[in-house]
Amino acid sequence: MRRSSAKCVVAILLVLGVALSATTLPGTARGERSRVGNLLGTLNGGVTPLALPRAHPAPVTVDLEGKIATTDGAPLPQVKQVKLELAGPGVISTAGLPVCPQGRIQHADDRQALNRCGSALVGRGTLDAEVDIQNQAPFAIHAHLLAFNGRTAVGRTAVWVHAFASDPPISLVLPFVMHPGGAGFPTVLVAAVPRSVGPLPRLALFHLQFFRRFRYQGALRSYVSASCPVPPAFTAGFLAFARATFAFGDGRRVRVETVRSCRASH
């Protein structure tokens, strides 16, 4: 397979995988599913610690595992855009966190990317997929993922997701750009996929972990924090945390809303 085609495949996988992972940033997913026609997305994961303050955010580590596939084994349709809406109890903080210029990690392998932008690292993961191409045997892709704190040319906060695989050779960066949202979901992350895409995967599996502590103005801070805002009469509960909308080239939209569990520590 040509290198450009491999890049297109992983770009789509990253949009699907990272988008799903970002939807549950401070929370525990309960294996939610969303199906539209033959399109099926599933999500599972966990947050550490489960006990969180009721009234203010505290640092968390998030592990996510997910899958996007078709129920009949057909290739996934082209993804045009992913819109992620994060609810109020979750906090993404980048004040004082080093910023990675996107150009520094373009065309880099994972070791080079870490050497150049390790101070801006906010997440790690892996991505596995099976791809079908007409008149060829199916083949597997295994890519290492690195997520870096970034900023666009107009100053918007972004997450650069760097993917690297040695066979087939792949090195690319997919940007997720942050936008202001509404009252219920104040943080929105948007990633767009170009029209020209290569062969599409039959399924994609991902694992991604977000955790970063750093010092700023003498204080220890966390890239991802969360609270557990359950009513005073309760010590634990399940709360809607975020939602993701996937727009496909065939006009279909799939929305997945995530739920997290938490326990109020005080």
Side-chain angles (χ1 to χ4, degrees), residues 1-2 4-25 29 31-44 64-87 127-136 138 141 143 145 152 156 158-159 161 163 170 172-206 208 240-259:
M1 183 175 64
R2 293 177 302 173
S4 59
S5 296
K7 289 183 178 181
C8 290
V9 172
V10 174
I12 296 170
L13 300 182
L14 287 174
V15 169
L16 294 169
V18 178
L20 283 171
S21 62
T23 59
T24 56
L25 277 176
E32 291 90 342
R33 291 188 173 196
S34 181
R35 178 174 175 176
V36 175
N38 69 335
L39 298 175
L40 179 65
T42 62
L43 179 67
N44 201 358
L64 287 310
E65 292 182 353
K67 176 180 178 180
I68 187 75
T70 54
T71 57
D72 56 4
L76 293 164
Q78 178 185 355
V79 182
K80 294 176 62 178
Q81 186 190 72
V82 175
K83 179 181 180 182
L84 310 175
E85 300 169 274
L86 307 182
L127 185 67
D128 292 276
E130 183 177 310
V131 179
D132 282 330
I133 300 178
Q134 190 173 6
N135 301 322
Q136 294 188 32
I141 289 179
L145 305 180
T152 68
R156 288 192 181 276
V159 181
V161 179
I170 297 163
L172 61 89
V173 179
L174 184 70
F176 280 81
V177 180
M178 190 174 296
H179 299 266
F185 294 87
T187 302
V188 177
L189 292 166
V190 178
V193 181
R195 289 185 178 180
S196 57
V197 295
L200 303 183
R202 217 164 41 86
L203 61 90
L205 306 169
F206 74 90
L208 191 60
F241 178 75
R243 62 191 178 200
T245 303
F246 303 89
F248 293 89
D250 60 7
R252 286 183 289 178
R253 291 178 177 266
V254 177
R255 174 173 287 181
V256 183
E257 186 161 327
T258 62
V259 175

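Counting from 1, the numbers follow the sequence of the chain as shown.
- Contacts of R156 classified as side chain to side chain contact (heavy atoms under 4.5 Å, CB included), with partners at least two apart in sequence or in another chain: T152, V154, V177, H179, P180.
- Take R252 and apply the side chain to side chain donor-acceptor pair (under 3.5 Å) test, not counting sequence neighbours, and it matches N38, D250.
- Taking OG1 of T70 as the reference point, atom CG of L40 lies at 9.0 Å (rounded to 0.5 Å).
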